[in-house]
Amino acid sequence: MSAALALTIFLIAFFFIATEKANKVKVVLVAAGLMAVFGLVPGSEVFFSEHAGIDWNVIFLLFGMMIIVGIVKQTGVFDYLAIWAAKKARGRPYRLMVMLMIITAVASPFLDNVTTIMLVAPVTIVVCNRLRIAAQPYLIAEVLASNIGGAATLIGDPPNIIIGSRAGLSFTDFLVHMAPIVTVVFVVFVLLTKVLFRKSFQYNAEHVEAVMALQERRAITDPAMLRRCLIVFTGVVIGFGLHAVLHLDPAVVALVGAGVMLLVTRADVNDVLAEVEWPTLTFFMGLFVMVAGLVHTGVIETVGTWAVSAFGDDYFAAATALLFGSSVLGAFFDNIPYVATMTPVVEGMVAEIPDAATGQSLWWAFALGADFGGNGTAVAASANVVALGIAARAGHRISFWQFTRYGIVVTLVSTAMAWGYVWLRYF
């Protein structure tokens, strides 16, 4: 009974989010409240369990990076990069999109994809404003590229961190097994964008000429402040890369970096806090509670267990179920809590397989499905939600379905390619 009630609340909330018949922040707060009122989520665990409640690591990572981006923005560096990118692309829309996607995809494996989007999205909005073109297609393409690129390494996507920790997989393991298919998928995706966004490529020679005449160096308003910001930010990036060695969560690294940057730049705290995407953080917290209701009532585990147990000793069928099942479920339930919930199920499956190599192939199928499924809908991954929040704040609102109709296509193509890769490499 409790499972049915939790699923009903979730589906109704998801309906209102998808159709945008009500503000999504209001929807998740009401849904989260109902989960608590009906006892579908234990109050203490919601606030103190990262695996079945609000993941404060994600919340504070976002908060820290929002502060850092807010400070860096004051230096004018985003305007500089926007003008530089527009001039390099000579204002050609598809060329500009490819350039921004490559930057995003190259950065995502080494920064987490949320951080990458928070850095690239403001630049994209500025350059689109300069060229007087719609920013939405470029932002959507960047988010999809970020989710694809982040799948290549252990630290590029939060689900990978969870899987790597549980399965005992190293940074090198992810690089060897995930990077090849991610590279191929990204190349196909770049070609696919020319078709997906073909109606959005607008070229206005007059505006391009005006941008080409700009001097990007003049956009830097405070060079000394920028130098201090870059030094601190470099330290934050190094901290992200060494988090497993330093035993510091990325959220801690981001918060320390934000604090140090506030100190060394002497930026006004009130101005910086005004740049924080508070609705986005609130939406995440409500969404985590909603998913926690499905976790505590056993909905997600039941679905996952049924899917993987239905295939017995047919390990390729099990890998297929994990890959496509994770892609579908991860698209609707946010892939971070989904992966946190399903890893014990996958671990139990792997333990029953006598051949270690075959067992490990299930982990890769699981990781690929969860990572690529993050493109499925507007709420499937943290980067998606963050990008939509940044876009709305800048006046380039992206609707749930505007994002999702592209995300579904990319998810289907990338998941199908991943299935072929798993079959050819492991079976």
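Counting from 1, the numbers follow the sequence of the chain as shown. Computation of the quantities below employed the complete heavy-atom set of this structure, encompassing side-chain atoms and omitting hydrogens, waters and symmetry-equivalent molecules.
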What is the distance from atom [atom1] of [X] to atom [atom2] of [Y], rounded to the nearest 0.5 Å?
X    : Y    : atom1 : atom2 : result
N384 : N375 : CG    : CG    : 6.5 Å
I231 : L226 : CD1   : CG    : 10.0 Å
L273 : F63  : CG    : CZ    : 5.5 Å
I68  : M261 : CD1   : CE    : 5.0 Å
L362 : F366 : CG    : CZ    : 11.0 Å
L388 : F403 : CG    : CZ    : 7.0 Å

What residues form a side-chain hydrogen bond (donor to acceptor under 3.5 Å, both in side chains) with D173, not counting sequence neighbours?
->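 S170.
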For S327, all residues meeting side-chain hydrogen bond (donor to acceptor under 3.5 Å, both in side chains), sequence neighbours excluded =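 Listed in chain order: T415.
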Smallest separation among heavy atoms of [X] and [Y], with atom names:
X    : Y    : result
A13  : A31  : CB-CB, 3.8 Å
A258 : I67  : CB-CG2, 3.7 Å
V143 : A387 : CG2-CB, 3.3 Å

Does any N or O in the side chain of [X] come within less than 3.5 Å of the main-chain N or O of [Y], such that one atom is a donor and the other an acceptor?
X    : Y    : result
T404 : A378 : yes
T411 : G376 : yes
S326 : L322 : yes
S108 : N147 : no

Below 4.5 Å, heavy atoms only, C-beta onward: do [X] and [Y] meet side chain to side chain?
X    : Y    : result
E142 : L139 : yes
F60  : L281 : no
M97  : L100 : no
M99  : I103 : yes
F372 : L323 : no
H177 : L169 : no
I9   : M35  : yes
D268 : Q74  : no

Going by the angle between their ring planes, with limits at 30° and 60°, are [X] and [Y] parallel, tilted or perpendicular?
X    : Y    : value
F10  : F14  : parallel
W364 : F174 : perpendicular
W419 : W423 : parallel

Residue pairs, two or more places apart or on separate chains, that pass salt bridge (charged side-chain N to carboxylate O under 4.0 Å, His left out) and touch residues 381-394 |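 Sorted result for residues 381-394: E277-R393.
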Determine which pairs satisfy salt bridge (charged side-chain N to carboxylate O under 4.0 Å, His left out) with at least one residue from residues 220-241, sequence neighbours left out, and list them in order.
->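 Of all non-adjacent pairs touching residues 220-241, none passes salt bridge (charged side-chain N to carboxylate O under 4.0 Å, His left out).
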Determine, step by step, whether M417 and V413 satisfy the side-chain contact (heavy atoms from CB on, under 4.5 Å) criterion, reporting the C-alpha distance in whole Å, the side-chain angles of both residues, the deciding distance to 0.1 Å, and the verdict.
-> CA-CA 6 Å; M417 292 178 66; V413 172; 4.0 Å; yes
Start with the C-alpha gap between Y426 and Q360, add the side-chain angles, then the distance that decides, and say whether side-chain contact (heavy atoms from CB on, under 4.5 Å) holds.
-> CA-CA 9 Å; Y426 303 110; Q360 195 177 88; 5.9 Å; no
Only pairs under 3.5 Å count here: list side-chain donor-acceptor contacts from residues 153-160, not counting sequence neighbours, and write none if there are none.
from : atom 1 : to   : atom 2 : distance (Å)
T153 : OG1    : P109 : O      : 2.4
T153 : OG1    : G156 : N      : 3.1
D157 : OD1    : N113 : ND2    : 2.7
N160 : ND2    : A151 : O      : 3.3
N160 : ND2    : T153 : O      : 2.8
N160 : ND2    : D371 : OD2    : 3.4

Verify whether the ring centers belonging to F427 and Y315 lie closer than 6.0 Å.
->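 No, they do not, as the ring centres are separated by 6.0 Å or more.
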Step by step, would you call Y94 with V98 a side-chain contact (heavy atoms from CB on, under 4.5 Å)?
-> CA-CA 6 Å; Y94 179 64; V98 171; 3.5 Å; yes
Result block: side-chain N/O donor-acceptor pairs under 3.5 angstrom for residues 180-196, not counting sequence neighbours:
from : atom 1 : to   : atom 2 : distance (Å)
T183 : OG1    : A179 : O      : 2.8
T193 : OG1    : V190 : O      : 2.6

If you draw a 6.0 Å radius around CZ in R425, do more than 12 non-hydrogen atoms from other residues or ligands fall strictly inside?
->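 Yes, the 6.0 Å shell around CZ holds more than 12 heavy atoms from other groups.
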Heavy-atom count around F201 CZ within 6.0 Å, excluding the residue itself: above 12?
->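 Yes, the 6.0 Å shell around CZ holds more than 12 heavy atoms from other groups.
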Please lay out, stage by stage, how L368 and M178 fare under the test side-chain contact (heavy atoms from CB on, under 4.5 Å).
-> CA-CA 8 Å; L368 287 167; M178 298 284 280; 3.7 Å; yes
